[in-house]
Amino acid sequence: MRAAGVVAACLAGAVALRLTALDQPLDRDSGLYAAIGQRLSLHTLPYRDLFDHKQPLVHWVYAVLNLIAPRSLGAIRVAAAVPSALAAALVFAYLERMVGAARAIGAAVVVVVASASTVLQGTDLNTEHLLTAPAAAAVLGALMLERSERAWVPVAIGLLGGLAVLAKAIGGLIALSALIPLLAGRRLRGQSALTTVVAFGWALAAPTVAVLLVYTVLGGVDDLVFANLTYNSRYVGEQGLTLIPKGPAALQLLTAAALSAAIVRLVAHRGRDVTGWTLVAWLLMAWLGAQTSSRGFPHYYVPLVVPACTLLFLPVVAVERAFGWARLAALLLATLAVVLLGLPVAADTGRSGPEIAGRVYGSQELALWTSADAVGNVLRAHARDRGAGRDDLFVVGSEPEYYWRSGLPSANRWLFDYPAQVAPERFGPDVRDLCVRGPRFVVLATYRPPAYAARCRDHRRYRPILRRGVVVVLERRG
């Protein structure tokens with residue numbers, strides 16, 4: 001009951017911080033997950049039938065949300081609060097026995113507030129937001145069970161890490177940090193280092209292997225591998241890996257403060273500190289994963305929040321005065337970072353969802369997103385008027401939220417057109433005759449229609465039925 005109360009309190013706080021964003025229009029990433037989740041079935045698979053290059057857990061989560069509350073913005077915003085709330089509850093459970101309830105509550109509050117910040121696009125439910133819960137469960141679970149004598153501990157932690165991998169591939173990097181406490185406690189379980197690593201390793205791989213087997217049986221394994229490996233390697237290769245810090249300045253400050261506090265703790269313990277090394281490894285792995293594509297998108301850095309906050313609230317034994325001042329400086333730096341992350345949360349009080357989206361993503365993006373609801377209603381109405389027949393839709397641009405809002409079947413598996421640059425050999429043949437043998441509806445949701453779609457505006461087979469700002473809806477004649 002006490003654990004349930006802690007989770008409920010964290011969830012209530014996380015939801016409360018997102019109440020003003022309940023009507024915030026979906027960004028294109030969330031719109032894609034929602035569109036795929038809406039269409040997911042035994043006969044319609046991500047990658048094979050609906051292209052995406054993110055790992056599959058987010059599609060399943062959005063599919064559940066679609067069953068609970070179809071086309072509900074509010075349901076997605078509330079669901080966005082769940083991973084950070086669970087992670088905050090785990091931080092509390094881990095720290096309470098070390099620093100007491102008051103400081104543990106403080107750590108949980110900082111996790112909840114920082115994770116909700118629009119500096120980190122915290123009102124969205126992206127793969128990085130989803131990753132925080134299984135990653136925290138794997139690493140903090142390994143630390144809490146370090147001295148357990150149960151032989152199944154490495155397997156359980158490996159499975160949690162495998163779930164993190166299904167949320168985002170960098171979950172595998174983060175999960176490796178759990179090996180530090182698992183190896184430290186192996187003798188209590190009567191296990192060798194090799195036995196521990198093997199048990200952890202096969203459990204870590206098991207969820208991914210299970211997905212591969214399902215796709216093999218259903219005939220979609222080639223598309224799964226292409227999307228998750230080939231496409232992503234090209235996507236990352238466009239920018240290349242850099243170790244130059246990117247992402248929000250407030251999060252970089254929080255990371256620097258956490259590392260400084262960790263160094264002080266490790267010095268105080270003369271390097272013999274399983275907890276300190278584990279959390280440092282977690283933080284560095286999350287940072288390395290965020291840096292991988294070198295694009296610096298804010299949501300990439302969400303997985304750093306939990307390890308950073310946990311490090312900052314760890315107890316430190318008495319150290320020399322110089323290190324005491326260093327720890328104080330780290331805490332002051334962390335305070336500044338938390339203030340910078342929390343200010344947008346307070347500033348958004350009283351703002352509407354569209355206003356929040358405009359501030360976070362910019363007015364040009366907002367202009368493309370705000371029309372989705374009205375356009376979706378028009379498309380559904382036209383489809384009902386016609387009755388039975390082919391009512392498929394193709395959206396030109398990278399705005400999958402129009403598929404989600406309309407609920408109409410997609411003309412092909414390409415719900416956004418960035419693959420035209422990354423995988424033209426697959427995208428091109430499917431859209432070559434878009435305007436000739438095309439779908440019933442074409443939505444031009446882009447400022448500059450690409451060559452393959454520009455002809456649709458003037459093609460005699462299509463007529464415009466709606467204009468909302470820059471967005472134009474075309475319907476096939478006859």
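Rounding to the nearest 0.5 Å places CG of L159 at 9.0 Å from CG of L204. Note: L182 CG to R186 CZ = 11.0 Å, rounded to the nearest 0.5 Å. Put simply, CG on L130 and OG1 on T132 are 7.5 Å apart, with the number rounded to the nearest 0.5 Å. Here L379 contributes atom CG and L408 contributes atom CG; the two are 5.5 Å apart, rounded to the nearest 0.5 Å. The structure places OH of Y361 at 6.5 Å from CD of Q24, a figure rounded to the nearest 0.5 Å. Interatomic distance, CG of L143 versus OG of S177, reported as 8.5 Å (0.5 Å rounding).
Side-chain contact check for T127 versus K54: some heavy-atom pair is nearer than 4.5 Å. A heavy-atom distance below 4.5 Å is found between the side chains of L283 and L304. In this structure, P154 and Q191 have side chains that are in contact, with non-hydrogen atoms separated by less than 4.5 Å. Two residues are said to be in side-chain contact when any heavy atoms from C-beta on lie closer than 4.5 Å; V139 and T278 meet this criterion. At a threshold of 4.5 Å between non-hydrogen side-chain atoms, the residues E399 and F416 do not count as touching. Side-chain contact check for D23 versus P354: some heavy-atom pair is nearer than 4.5 Å. A heavy-atom distance below 4.5 Å is not found between the side chains of L32 and Y403. Residues W404 and I76 form a side-chain contact, since some pair of their non-hydrogen atoms from C-beta on lies under 4.5 Å apart.
Salt-bridge check for D49 with R39: failed, with every basic side-chain N at 4.0 Å or more from each acidic carboxylate O. Salt bridge E365/R359: absent, no basic N to carboxylate O contact under 4.0 Å. Look at D223 and R413 and you find a salt bridge, because one of the NZ, NE, NH1 or NH2 atoms lies within 4.0 Å of a carboxylate O, short of that distance. In this structure, E128 pairs ionically with K168, as a charged nitrogen and a carboxylate oxygen lie closer than 4.0 Å.
For N232 (side chain) and H53 (main-chain N/O), a donor-acceptor pair under 3.5 Å exists by modelled atom type. Formation of a donor-acceptor pair under 3.5 Å by the S371 side chain with backbone atoms of L368 is not found in this model. Between the side chain of S30 and the backbone N or O of L26, no donor-acceptor pair lies under 3.5 Å. Proximity of a side-chain donor or acceptor of R18 to a complementary backbone N or O of T123 within less than 3.5 Å is not detected. Panel note: side chain Q55, backbone A169; a donor-acceptor pair is recorded below 3.5 Å. Checked by atom type and distance alone, the side chain of T44 never pairs as donor or acceptor with a backbone atom of S41 at under 3.5 Å. For the pair N66 (side chain) and Y62 (backbone), a donor-acceptor distance under 3.5 Å is absent. A distance-only check finds no donor-acceptor pair linking the side chain of R48 to the backbone of L224 [under 3.5 Å]. Under the 3.5 Å distance criterion, the side-chain polar atoms of S117 are left unmatched by any main-chain donor or acceptor of A114. Distance alone, capped at 3.5 Å, places no donor-acceptor pair between the S115 side chain and the V112 backbone.
Under the 3.5 Å distance criterion, with hydrogens and angles disregarded, a donor-acceptor pair is assigned to the side chains of Q291 and Y301. With hydrogens and angles left out, the side-chain atoms of D27 and W369 include no donor and acceptor closer than 3.5 Å. Looking only at atom types and distance, the side chain of N126 has a donor-acceptor partner in the side chain of D29 under 3.5 Å away. For the residue pair D417 and S398, a side-chain donor N or O sits within less than 3.5 Å of a side-chain acceptor on the partner.
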Determine, stepwise, if the pair D52 / Y33 fulfils side chain to side chain contact (heavy atoms under 4.5 Å, CB included). CA-CA 9 Å; D52 189 18; Y33 310 141; 3.6 Å; yes
Given L341 and L120, is the side chain to side chain contact (heavy atoms under 4.5 Å, CB included) satisfied, shown in steps? CA-CA 8 Å; L341 289 168; L120 299 173; 4.3 Å; yes
Determine whether E401 and R28 satisfy the following criterion, salt bridge (Lys or Arg N to Asp or Glu O under 4.0 Å), listing intermediate values before the conclusion. CA-CA 7 Å; E401 59 274 15; R28 54 180 55 97; over 6 Å; no
What verdict does the side chain to side chain contact (heavy atoms under 4.5 Å, CB included) test give for V471 and V375, after you've listed the backbone C-alpha separation in whole Å, the side-chain angles of each residue and the deciding distance to 0.1 Å? CA-CA 9 Å; V471 178; V375 169; 4.3 Å; yes
If you apply the rule side chain to side chain contact (heavy atoms under 4.5 Å, CB included), what do you find for R295 with Y300, and how did you get there? CA-CA 9 Å; R295 286 174 170 82; Y300 287 176; 4.3 Å; yes
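Considering every non-hydrogen atom in both A79 and P83, the closest pair reads O-CD, 3.3 Å. Shown here for S410 and L50, the closest heavy-atom pair between the two residues is OG-CD2, 3.7 Å. Looking at every heavy atom in both residues, L288 comes nearest to T292 through O-OG1, 3.0 Å. Taking every heavy atom of both residues into account, V473 and V443 meet most closely at CG2-CG2, 4.3 Å.
Figure legend: R426 and F226 shown as a cation-pi pair, the cationic atom lying under 6.0 angstrom from the six-membered ring centre and within 45 degrees of its axis. The side-chain tip of R440 does not point at the ring of F394 from less than 6.0 angstrom away and within 45° of straight on.
Within 6.0 Å of atom CH2 in W277, 12 or fewer heavy atoms from other residues, nucleotides or ligands are found, so the atom counts as exposed in its surroundings. Heavy-atom contacts from other residues, nucleotides or ligands closer than 6.0 Å to CZ of R150 number 12 or fewer.
With R77 as the fixed residue, the side chain to side chain contact (heavy atoms under 4.5 Å, CB included) test singles out one of D124, L125, L19: D124. For the ring pair (Phe, Tyr, Trp, His ring centres under 6.0 Å) with Y231, the lone residue among Y418, F51, F427 that qualifies is F51. Between F441 and the options V378, L474, I465, V395, a side chain to side chain contact (heavy atoms under 4.5 Å, CB included) holds for only I465.
Partners of Y47 according to the ring-ring contact (aromatic ring centres under 6.0 Å, His included) rule, which considers only residues two or more places apart in sequence or in another chain, are H59, Y215.
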